[in-house]
Number of protein chains: 2
Amino acid sequence: MTETRWLTAEQLSAWKKLIAVVELLPGTLESQLQRDSGLSHFEYFTLAMLSEAPDRTLRMTSLAAHTNATLARLSHVVSRLEKRGLVRREACAEDRRATNAVLTPAGWTTVVAAAPGHVGTVRETVIDPLTTADVADLDRIMGRILEVLDPSHVMVGAPTTDD
Amino acid sequence: MTETRWLTAEQLSAWKKLIAVVELLPGTLESQLQRDSGLSHFEYFTLAMLSEAPDRTLRMTSLAAHTNATLARLSHVVSRLEKRGLVRREACAEDRRATNAVLTPAGWTTVVAAAPGHVGTVRETVIDPLTTADVADLDRIMGRILEVLDPSHVMVGAPTTDD
DNA sequence: ACCAAATACTTGACGCTACAACTATTAGGC
DNA sequence: GCCTAATAGTTGTAGCGTCAAGTATTTGGT
C-alpha cells in the first residue's frame with residue numbers, strides 16, 4: 001500500500017464544486033419536471049430515449065444501458081409507466097427471452113409536452129451561465145471523466161435531438 | 001409564453017456528458033465507500049463535515065446546509081450514525097430548540113480510515129484524467145453553475161482540508 | 001442431440017429519502 | 001407582558017432503488 005496522495009488546493013476546490021453540482025443538479029431538474037409534468041427525471045429520460053429510438057421501441061437491456069439503470073430498476077419503472085399508459089411492453093419475436101418497451105402515443109405526447117420546460121431549466125441552470133468557450137471546455141472535461149466512468153461509451157452514443 | 005430555444009449541437013453534447021457524469025459518479029463513489037468502509041457517500045460526507053468543524057460539533061441546521069440535506073433526512077441519518085456510535089447528539093445550551101451533532105472518537109477514527117480510499121477513487125475517476133488546465137477550467141465552470149444552483153454559497157465555504 | 005452455463009428479464013423484501021404532520025422553543029408586534 | 005409567527009428538530013408514511021432469488025429461453029461444448 002503506497003502513501004496517500006492528497007489533493008492540491010486547486011484540485012480540492014474544483015472537486016468540491018463538482019460534487020456540489022452533482023448533489024444539487026438532480027434535485028433541481030427533478031422538482032421542475034415533477035411540478036410541470038408529473039415525471040421524475042429518470043422517467044422523463046426513459047421516455048426521451050424511447051422517443052429517439054427507431055419505431056420508438058427498445059429492448060429492455062438496451063434501454064437500461066442508455067439510461068444507465070439496472071434491469072431491475074428499469075423493470076419497475078416501466079411497470080409504473082405502463083400502468084399510466086405511457087409505455088407498452090411487447091414480446092420480442094426474434095428472442096423470446098427479451099421484452100421490447102414501446103412508447104405509446106400518450107407517452108409521446110407527454111415527452112413532447114415536457115421537453116420545453118425541461119430544456120428551459122437546463123438552460124437556466126447550466127447552459128446560459130456559461131460562455132461558448134466554457135461549453136467547449138465542459139464538453140472536453142466531461143468527456144475525459146467519462147472515459148473512466150463509462151469506457152464502453154454506453155451513455156454517449158445517441159446522436160439525435162431531444163433532451 | 002415565448003418559443004422554446006433549443007440547444008445547439010455543442011451545447012447538447014456538453015449537456016449529455018454532464019448528465020452522464022452526474023448519473024454515474026455517485027454510484028462509483030458509493031460502491032467504493034460502502035465496500036471499503038461500510039459508509040454511504042452521504043454518511044461519509046456528514047462525518048467529514050463534522051470532522052472539520054470546531055470541536056467536531058455542528059448544529060443540525062448548519063450541518064444540513066453543509067451537506068445539502070433537508071433537516072428530516074439529516075435527522076434520520078444522524079439517528080443511524082448515533083446507533084453505530086459514530087456521532088452523538090447533544091442539547092444546545094444557548095438555544096433549547098437546537099441540537100448539536102458531535103463526532104465521537106470512533107466517528108473520527110472511521111472518517112480518517114475512510115479518507116485515503118475515497119481520495120484514491122476521486123483521483124482515479126476525476127482528477128488524474130485531467131490536466132492542470134482542465135482542473136482550472138472545471139473549477140471556473142462549476143463555480144458559474146453553482147452561482148445559480150447555490151447563490152448563497154452554502155455548500156462551498158469550508159476552506160479546510162479533508163474530503 | 002443433450003446438458004450446463006449464460007442471457008434476459010421479473011418479482012419481493014429491505015433501506016433510504018421526501019413529504020407532511022407534530023412538538024417545543026424563541027422572536028416580534030403592539 | 002401577551003399572543004402570533006417563525007424557527008429547530010423529530011417521527012411516520014409512502015415511493016423509489018438495490019440486492020437476492022427465481023423463471024424462461026438461448027447458446028455452446030462435446
Side-chain angles (χ1 to χ4, degrees), chain A residues 22-35 38-47 57-84 86-102 154, chain B residues 22-35 38-47 57-84 86-102 154:
Chain A
V22 165
E23 293 286 324
L24 292 171
L25 191 51
T28 304
L29 302 177
E30 207 74 32
S31 307
Q32 180 273 323
L33 277 169
Q34 194 63 53
R35 175 168 40 79
L39 293 170
S40 71
H41 182 248
F42 184 76
E43 288 171 338
Y44 172 81
F45 203 74
T46 302
L47 298 180
T57 300
L58 237 34
R59 296 258 290 254
M60 292 293 282
T61 301
S62 172
L63 184 53
H66 283 299
T67 56
N68 182 43
T70 61
L71 220 35
R73 178 183 182 187
L74 183 65
S75 185
H76 286 303
V77 171
V78 167
S79 294
R80 282 172 236 140
L81 291 174
E82 206 173 11
K83 265 177 203 138
R84 293 164 62 182
L86 305 180
V87 166
R88 178 166 47 82
R89 269 189 241 247
E90 183 180 87
C92 180
E94 301 96 35
D95 186 339
R96 293 194 326 211
R97 292 170 301 183
T99 308
N100 285 325
V102 187
V154 179
Chain B
V22 166
E23 294 285 324
L24 293 170
L25 192 52
T28 304
L29 303 176
E30 206 75 31
S31 307
Q32 182 272 323
L33 278 168
Q34 194 64 51
R35 175 167 40 79
L39 294 170
S40 72
H41 183 248
F42 184 75
E43 288 170 339
Y44 172 79
F45 203 76
T46 302
L47 297 180
T57 299
L58 237 35
R59 297 259 290 253
M60 292 294 281
T61 300
S62 172
L63 185 53
H66 282 299
T67 56
N68 182 42
T70 60
L71 219 36
R73 179 185 181 185
L74 183 65
S75 184
H76 286 301
V77 170
V78 167
S79 295
R80 283 173 235 140
L81 292 174
E82 206 173 13
K83 267 178 202 139
R84 294 164 60 182
L86 306 179
V87 166
R88 178 167 46 83
R89 269 187 242 247
E90 185 180 85
C92 181
E94 300 97 37
D95 186 338
R96 292 197 324 213
R97 292 170 299 181
T99 307
N100 285 327
V102 187
V154 179

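Every chain is numbered from 1, with letters handed out A, B, ... down the list of sequences.
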| request: Name all residues meeting the side chain to side chain contact (heavy atoms under 4.5 Å, CB included) criterion together with A:Arg80; count only those two or more places apart in sequence or in a different chain, and write none if there are none. | output: A:His76, A:Val77

| task | Let me know, please, whether A:Ala93 or B:Arg59 comes out on the 5' side of the other along DNA chain D by nearest nucleotide. | result | B:Arg59

| Does A:Ser31 have any side chain to side chain contact (heavy atoms under 4.5 Å, CB included) partners at least two apart in sequence or in another chain, and if so, which? | none

| said: What contact category does A:Thr61 fall into here, base, sugar-phosphate, or nothing, at under 4.0 angstrom with non-hydrogen atoms? | reply: sugar-phosphate

| Which whole-number value in Å describes the distance from B:Glu94 CD to D:dT7 P? | 19 Å

| message | Once salt bridge (Lys or Arg N to Asp or Glu O under 4.0 Å) is applied, do any residues pair with B:Arg84, and if so which ones, sequence neighbours excluded? | response | B:Glu43

| task | Provide, to the nearest angstrom, the distance between the CG atom belonging to B:Leu63 and the C1' atom belonging to D:dA8. | result | 14 Å

| In whole Å, what is the span from the CG atom of B:Leu74 to the C1' atom of D:dT10? | 12 Å

| field | Residues in salt bridge (Lys or Arg N to Asp or Glu O under 4.0 Å) contact with A:Arg73, at least two apart in sequence or another chain | value | none

| Who pairs with A:Glu23 by side-chain hydrogen bond (donor to acceptor under 3.5 Å, both in side chains), at least two apart in sequence or on another chain? | none

| Starting at CD of A:Gln34 and ending at P of D:dA14, how long is that distance when rounded to a whole Å? | 18 Å

| request: Starting from C1' on D:dC16, measure out to CG on A:Leu81 and report it in whole angstrom. | output: 13 Å

| message | Run the side chain to side chain contact (heavy atoms under 4.5 Å, CB included) test against B:Arg59 and tell me which residues pass, sequence neighbours left out. | response | B:Ser62, B:Cys92, B:Asp95, B:Ala98, B:Asn100

| task | Can you tell me the distance, in whole Å, between the CG atom of B:Leu71 and the P atom of D:dA6? | result | 18 Å

| Does A:Glu90 have any side-chain hydrogen bond (donor to acceptor under 3.5 Å, both in side chains) partners at least two apart in sequence or in another chain, and if so, which? | A:Arg88

| message | Show the nearest heavy-atom pair for residues A:Leu63 and A:Ala101, with the distance to one decimal. | response | CD2-CB, 4.1 Å

| task | Quickly work out the B:Leu58 CG to D:dA8 P distance and round it to whole Å. | result | 13 Å

| field | Terminal axis angle for the helix from C:dA1-D:dT30 to C:dC30-D:dG1, five pairs an end, nearest 10 degrees | value | 30°

| said: Less than 4.5 Å apart, side chain to side chain, heavy atoms only: is that true for B:Leu86 and B:Leu39? | reply: yes

| message | Protein within reach of the bases, or only the backbone? For nucleotides 12-25 of chain C, mark each nucleotide 5' to 3' as B, S or -, using heavy atoms under 4.0 Å. | response | B---SBBB-----B

| note | For B:His41 and B:Leu29 the tightest heavy-atom approach is NE2-CD1, 4.1 Å

Just the table, please: protein N/O against nucleotides 1-5 of chain D N/O, every pair under 3.5 Å.
none

| query | To the nearest angstrom, how far is A:Met60 atom CE from C:dT11 atom C1'? | reply | 12 Å

| query | Who are the side chain to side chain contact (heavy atoms under 4.5 Å, CB included) partners of B:Glu82, not counting sequence neighbours? | reply | B:Arg89

